[in-house]
Amino acid sequence: MKINHIHDFNLHHEDAFLALQMELKSQIQLTKTISNNSLQNCAGVDLAYWEEDGESVGVCSMVVLDVNSKNIIEKVHSVGKINVPYVPGFLAFRELPLIIEAAKKLTVDPDVFLFDGNGYLHYHHMGVATHASFFLNKPTIGIAKTYLRIKQTDFEMPDDEVGAYTDIVIDGEVYGRALRTRQGVKPVFLSSGNFIDLESSYQIAMNLINQESRLPIPVRLADLETHALRKYYQENKKLAE
DNA sequence: GCGACAG
DNA sequence: ATCTTGTCGC
């Protein structure tokens, strides 16, 4: 698929990262409603890391699912050296290079991308799901497994029922939801990435939950895929020595 | 010094 | 994210 060129990553300092986040946050659009009926396919995105010759290496995999049949339409991935360290609030800068590289390999255009991480639920509304949307030009949704505490605001635990949620409100604004995707399992933290509203994000995410995981199927599959790919690359590395 | 900290 | 064993439950 075609990728927007909005900026490169030759900037490696937090103040530059912050300036870029402030610039992009003004372009976020969270009013669009997207119904499950209008959805054809949905992509899940995740990364895994390991060390190789003292360097950090990562693999990003995208799994595209047909929303109706729940069948896998396409799988792509990218591998490469990771040059940016993880800093809370700046995850996108670490993961985007491989995300973009993987997206370029897609032959289908997913209607929506689901990310392992936050979107609007972020210090500056610029989680990886939101930031990636500017490159992908597609609606994105963020699904984080642990809570990112913003302005000392804790989340309210939702009831232990499938689909139950509590809005995460900070300074009077709804950032996202603590969402119980499965009964008896810890909630996930849902937020819009971009080009979609929170309620649609919720409906789409819940429609992709099965008994396998608390994560939407495409994200879960991408998660499994990155682990399998890491194992594959590490074993090939050993064979090469 | 201590706690916080998406992945 | 990753390092790791057993263990409880469907």
Side-chain angles (χ1 to χ4, degrees), chain A residues 9 14 17-18 21 24-25 28 44-62 77-100 102 113-133 140-155 160 162 168 170 175-179 181-194 201 205 209-216 218-220 222-235 237:
Chain A
F9 294 92
E14 292 185 14
F17 286 171
L18 182 59
Q21 289 184 337
L24 291 176
K25 73 178 279 192
I28 297 172
V45 186
D46 192 28
L47 287 84
Y49 303 88
W50 69 95
E51 296 294 317
E52 199 169 288
D53 300 329
E55 296 183 327
S56 291
V57 183
V59 56
C60 169
S61 64
M62 293 187 174
H77 76 270
S78 59
V79 194
K81 182 182 173 186
I82 302 296
N83 300 305
V84 182
Y86 168 68
V87 176
F90 298 114
L91 175 66
F93 296 92
R94 174 176 167 84
E95 304 201 324
L96 271 171
L98 286 183
I99 290 172
I100 292 168
F113 285 81
L114 278 162
F115 284 82
D116 187 330
N118 290 312
Y120 200 71
L121 177 57
H122 175 275
Y123 304 128
H124 309 296
H125 300 318
M126 284 295 297
V128 61
T130 305
H131 201 145
S133 75
T140 59
I141 298 170
I143 302 284
K145 294 184 292 296
T146 61
Y147 183 60
L148 176 63
R149 196 159 173 268
I150 299 164
K151 295 183 180 176
Q152 305 178 60
T153 305
D154 291 308
F155 73 93
D160 192 12
V162 174
I168 295 166
I170 302 169
Y175 277 48
R177 293 175 175 176
L179 169 62
T181 55
R182 292 192 56 197
Q183 191 173 46
V185 181
K186 290 185 301 182
V188 298
F189 302 90
L190 167 86
S191 60
S192 296
N194 201 358
S201 301
I209 296 298
N210 63 14
Q211 297 298 67
E212 308 294 303
S213 167
R214 67 177 166 137
L215 299 174
V219 179
R220 175 55 176 163
D223 180 51
L224 294 172
E225 190 69 8
T226 57
H227 289 295
L229 286 167
R230 177 177 58 195
K231 181 177 182 181
Y232 171 79
Y233 282 109
Q234 286 183 315
E235 287 178 350
K237 170 70 177 176

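Taking atom CG of residue A/L47 and atom P of nucleotide C/dA1, one finds them 10 Å apart after rounding to whole Å. One can place CZ of A/R214 at 19 Å from P of C/dG9, the figure rounded to the nearest angstrom. The NZ-C1' distance, from A/K231 to C/dT4, rounds to 16 Å in whole Å. Note: CD (A/Q234) to P (C/dA1) measures 15 Å, nearest angstrom.
Using a 4.0 Å heavy-atom cutoff across all strands shown, A/V87 reaches no nucleic acid atom at all. Among the atoms of the strands shown, base atoms are found under 4.0 Å from some heavy atom of A/F90. Contact annotation for A/Y49: backbone-only contact, meaning every heavy-atom pair under 4.0 Å involves sugar-phosphate atoms and none involves a base. Across all strands, A/G89 comes closer than 4.0 Å to base atoms (heavy-atom distances).
A donor-acceptor distance shorter than 3.5 angstrom exists from the side chain of A/D160 to the backbone of A/G184, with no hydrogens or angles considered. The closest donor-acceptor contact from the side chain of A/T226 to the backbone of A/V59 lies at 3.5 Å or more, if one exists at all. Formation of a donor-acceptor pair under 3.5 Å by the A/R94 side chain with backbone atoms of A/V87 is not found in this model. At least one donor-acceptor pair under 3.5 Å links the side chain of A/T140 to the backbone N or O of A/A129. Between the side chain of A/H122 and the backbone N or O of A/G89 there is at least one donor-acceptor pair closer than 3.5 Å.
Shown here are the ring-ring contact (aromatic ring centres under 6.0 Å, His included) partners of A/F189, two or more places apart in sequence or in another chain: A/Y147, A/F155.
Boundaries of the chain A contact region on DNA chain B are B/dC5 to B/dG7, first to last in 5' to 3' order (nucleotide atom under 4.0 Å from a heavy atom).
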